[in-house]
Amino acid sequence: MPARMTHIPGFRGDVINPGDEDYDDARALWNGTVDRRPRLIARCLGPADVAAAVRFARARELEIAVRGGGHNVAGTAGCDGGIVIDLSAMRAVSVDPVERTALVQGGALWGDVDHETQAHGLATPGGIVSHTGVGGLTLGGGIGWLMRKHGLAVDNLVQAEVVTADGEIVAATAREHPDLFWALRGGGGNFGVVTSFRFALHPVGPTVVAGPVFWAAEDTRDVLRFHRELAGDAPDELGTIVRLGTIPPLPAIAEDLHFRPAIAVVSCYAGPVEDGERAVRPLREFGRPLVDLAGPCLYVDHQRGIDDTVPHGWHYYWKATDLTGLSDEVIDIVAAHAYRATSPRSYAAMFHLGGAVGRAPRDSTAYAGRDADHNIVIDAVWLPEEDDAVRAPETAWARAFLAALEPHRAGVYVNFLDSDDDPGRVREAYGDDVYRRLAEVKAKYDPDNVFHHNKNIRPSPPAR
Ligand SMILES: Cc1cc2nc3c(=O)[nH]c(=O)nc-3n(C[C@H](O)[C@H](O)[C@H](O)COP(=O)(O)OP(=O)(O)OC[C@H]3O[C@@H](n4cnc5c(N)ncnc54)[C@H](O)[C@@H]3O)c2cc1C
């Protein structure tokens with residue numbers, strides 16, 4: 001055995017150490033600006049491995065980071081000098097078509113889930129990029145195309161298997177450990193390592209009406225006002241995201257339009273194709289679109305349609321906020337700032353919330369953004385080799401854009417927070433009451449704050 005190989009008692013997976021051939025690949029995260037060097041990476045094969053890794057780390061007082069899909073923009077799935085509990089080998093998904101549920105391992109990606117569930121014509125609400133992890137996305141809430149019809153990812157979670165800070169394996173459901181189950185649904189990775197999720201499934205597709213319609217940047221104010229009306233009256237089935245930036249160089253788009261400043265409304269109709277065509281028609285007929293790719297397509301294809309515009313390893317920096325509404329003033333601010341980025345890869349995305357998200361009881365889960373009408377994430381994106389020239393102006397652009405929206409801000413989605421966001425923004429994401437309740441559950445399940453490499457909730461027992 002090479003001297004550097006670490007033995008974790010009771011562990012069957014791979015242990016990767018600095019100097020190993022696969023160390024650099026294993027520690028790399030989606031956001032290429034993050035460069036963390038863990039003391040070791042424990043690539044787990046199942047819950048028993050996760051429990052062994054937690055006990056090993058605690059006995060040696062190693063800092064713990066948990067890696068699901070590795071997508072968090074703040075790079076919380078990595079750490080310097082500690083142990084990464086890496087779930088990337090735990091990606092199995094099994095569907096029960098009778099009960100209409102899917103059992104999903106903690107390191108699965110959304111593409112894994114869609115692949116298996118769509119084989120049965122079923123789906124559960126997840127994210128909009130297929131290489132994002134189920135783990136982090138779900139634990140923060142989980143917004144995506146199906147949420148207005150079927151709720152957030154957390155609204156569809158029926159059970160989670162969790163390895164706690166003591167290395168115990170517990171099942172959390174509405175009946176078993178209900179406090180933990182509530183906290184997991186929005187409170188992030190603070191309460192343990194989720195080794196599997198069971199989600200409710202719904203009939204979706206396999207063909208849906210979906211895709212982007214692009215207009216020239218000059219039309220931004222008109223398109224946003226039009227979208228405000230359309231979204232205001234939209235049936236729950238219609239999910240839309242507005243994307244402001246440039247036209248991405250997708251194969252389906254003529255090359256002479258690539259990187260031209262433009263606004264897009266991307267839609268996905270979670271219902272029959274004929275109804276979907278009727279619902280998106282007004283969008284396709286509005287003004288003079290530069291490109292119209294909205295139409296019938298496979299749901300799985302739509303789910304991976306923008307994967308290549310946000311690949312692993314590029315440099316990313318995000319700023320985000322929830323918005324109470326799209327007033328004329330907000331529209332003016334968005335239109336004024338969206339195209340000031342230097343990099344043609346940067347963009348802003350506005351998710352239309354509401355529908356089932358807004359109707360769920362406020363105390364059903366720890367996700368606290370249900371009153372927001374839209375949220376916006378301002379994504380500065382550049383290539384690693386452009387770092388010297390572009391990092392400073394791009395990050396400044398994102399901060400200035402957010403600052404301009406200050407008077408219209410109303411909370412923030414915790415999964416969109418970046419590493420330089422003030423820690424107070426975690427409390428902003430939850431509001432005082434939900435944060436206090438989360439801190440109490442944290443005090444019960446992780447009083448020593450073992451799981452702190454995340455959007456941290458500090459343990460605080462209830463006042464006597
Ligand atoms: C390209 C891209 C697209 C995105 N699209 C969406 C979207 O459509 N909707 C949306 O809601 N969000 C979206 N996000 C944000 C996303 O929700 C967060 O980045 C989320 O943290 C990603 O989860 P992950 O497992 O890939 O991340 P990781 O970086 O692996 O994990 C982030 C944190 O989550 C915790 N964690 C992860 N897995 C587990 C687990 N199994 N058990 C316990 N803790 C765990 C850990 O604390 C970890 O630090 C997107 C992000 C990217 C980069």
Side-chain angles (χ1 to χ4, degrees), residues 28-32 34 36 44 47 50 54 63-79 82 84-88 90-91 104-112 125-147 152-154 157 160-165 172 180 183-184 186-197 239 241 266 268 303-304 306-314 316-318 320 347 349 351 353 357 367 369 375 377 379 381 413-419 446 450-457:
L29 298 171
W30 171 79
N31 185 351
V34 181
R36 300 224 157 93
C44 305
V50 174
V54 168
E63 187 176 29
I64 294 176
V66 179
R67 181 193 182 110
H71 261 50
N72 196 278
V73 69
T76 51
C79 59
V84 172
I85 298 184
D86 176 358
L87 307 178
S88 64
M90 294 170 53
R91 288 175 53 179
V104 178
Q105 278 193 305
L109 308 182
W110 283 105
D112 302 326
I128 64 166
V129 169
S130 78
H131 48 76
T132 309
V134 171
L137 184 141
T138 300
L139 294 170
I143 62 173
W145 294 116
L146 305 181
M147 66 183 162
L152 301 164
V154 286
L157 186 65
E161 181 185 66
V162 187
V163 174
T164 65
L180 176 61
L184 288 170
N190 277 285
F191 305 94
V193 186
V194 179
T195 48
S196 68
F197 300 86
I241 297 175
V266 194
C268 178
Q303 282 289 79
R304 52 185 174 227
I306 59 164
D307 282 7
D308 293 345
T309 66
V310 282
H312 286 259
W314 283 7
Y316 300 95
Y317 177 84
W318 290 6
Y347 64 95
F351 289 69
L353 302 161
V357 178
Y367 177 83
N375 64 26
V377 55
D379 294 7
V381 186
Y413 178 34
V414 74
N415 274 349
F416 287 166
L417 291 175
D418 210 330
S419 52
D446 184 14
V450 168
F451 300 111
H452 62 264
H453 227 265
N454 46 36
K455 303 297 156 39
N456 198 229
I457 313 267

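Remember, it's 1-based here, ligands and their atoms both numbered in the order they're listed.
Atoms SG and CD, from Cys44 and Gln105 in turn, are 10.5 Å apart once rounded to the nearest 0.5 Å. The structure places NE2 of His453 at 11.0 Å from CD1 of Ile64, a figure rounded to the nearest 0.5 Å. Between the CG atom in Asn72 and the CG atom in Asn415 there is a gap of 6.5 Å [rounded to 0.5 Å]. Atom-to-atom distance recorded for Cys268:SG and Leu146:CG is 6.0 Å, nearest 0.5 angstrom. Going from atom CG of Leu139 over to atom OH of Tyr367 covers 14.5 Å, rounded to the nearest 0.5 Å. Of the inter-residue distances, the one linking Leu353 atom CG with Leu152 atom CG reads 8.0 Å to the nearest 0.5 angstrom.
Around atom 28 (P) of ligand 1, the closest heavy atom drawn from Gly136, Gly70, Gly141 belongs to Gly70. Which of Asp86, Ile143, Val73 comes nearest to atom 7 (C) of ligand 1 through a heavy atom is settled by distance: it is Ile143. For the residues Val310, Asn190, Leu417, the heavy atom positioned nearest atom 1 (C) of ligand 1 is part of Val310.
What sits closest to atom 10 (C) of ligand 1 on the protein, heavy atoms only, is Leu137 CD1, 3.3 Å. Counting only heavy atoms of the protein, atom 46 (C) of ligand 1 lies nearest to Val66 O, 3.6 Å. Atom 41 (N) of ligand 1 has as its closest protein heavy atom Val194 O, 2.9 Å. The nearest protein atom to atom 26 (O) of ligand 1, hydrogens excluded, is given as Gly133 N, 2.9 Å; this is a heavy-atom distance. Here the protein heavy atom with the shortest distance to atom 43 (C) of ligand 1 is Gly192 O, 3.2 Å. Among protein heavy atoms, atom 5 (N) of ligand 1 sits closest to Ile128 CG1, 4.1 Å. Among protein heavy atoms, the minimum distance from atom 27 (O) of ligand 1 is reached at His71 N, 3.3 Å. Looking from atom 47 (O) of ligand 1 to the surrounding protein, the closest heavy atom is Asn454 CB, 3.5 Å.
Looking at Leu139 next to ligand 1, no N or O pair under 3.5 Å apart turns up. Geometrically, ligand 1 and Thr132 share no nitrogen or oxygen pair separated by less than 3.5 Å. The shortest N or O to N or O distance between Gly69 and ligand 1 is below 3.5 Å. Close N/O approach between Phe197 and ligand 1 is not found [any backbone or side-chain N/O within under 3.5 Å]. Taking only nitrogen or oxygen atoms, main chain and side chain alike, Asn415 reaches within less than 3.5 Å of ligand 1. Every N/O-N/O distance between Val193 and ligand 1 stays at or above 3.5 Å.
Residue contacts with ligand 1, taken as heavy atom pairs separated by less than 4.0 Å, involve Leu87 solely via side-chain atoms from C-beta onward. Neither the backbone nor the side chain of His131 has any atom closer than 4.0 Å to an atom of ligand 1 (non-hydrogen atoms only). In Tyr413, the part holding a heavy atom less than 4.0 Å from any atom of ligand 1 is the side chain. Residue-level proximity to ligand 1 for Trp30 is carried by the side chain, the only part with a heavy atom below 4.0 angstrom. Contacts between Val129 and ligand 1 below 4.0 angstrom, taking non-hydrogen atoms only, involve the side chain exclusively. Counting heavy atoms under 4.0 Å from ligand 1, residue Trp318 touches it through the side chain alone.
Side-chain atoms of Thr195 and Glu161 form a donor-acceptor pair, as typed in the model, at a separation below 3.5 Å. For the residue pair Asn190 and Lys455, no side-chain donor N or O sits within less than 3.5 Å of a side-chain acceptor on the partner. Counted by atom type alone, Ser130 and Asp307 present one or more donor-acceptor pairs between their side chains at under 3.5 Å. There is no side-chain donor-acceptor pair under 3.5 Å between Tyr413 and Asn375.
Within ligand 1, the atoms closer than 4.0 Å to a non-hydrogen atom of His453 are 47 (O), 49 (O), numbered from 1 in the order shown. Distances below 4.0 Å separate heavy atoms of Gly189 from the following atoms of ligand 1: 44 (N), 47 (O). Proximity to Arg67 (heavy-atom distance under 4.0 Å) selects the following atoms of ligand 1: 30 (O). Atoms of ligand 1 found under 4.0 Å from any heavy atom of Ala77, numbered from 1 in the order shown, are 28 (P), 29 (O), 30 (O), 49 (O).
A heavy-atom distance below 4.5 Å is not found between the side chains of Phe451 and Thr164.
Between Trp30 and Trp318, the angle of the ring planes goes over 60°, which puts this pair in the perpendicular group of the 30/60° scheme. The aromatic rings of Phe351 and Phe416 are tilted relative to each other, their planes meeting at an angle between 30° and 60°.
The two residues Leu184 and Ala160 make their nearest non-hydrogen contact at CD1-CB, 3.8 Å. Considering all non-hydrogen atoms of both residues, Ile128 and Gly144 come closest at CG2-CA, 4.0 Å.
Residues forming a salt bridge (Lys or Arg N to Asp or Glu O under 4.0 Å) with Arg91 (at least two apart in sequence, or on another chain): Asp112.
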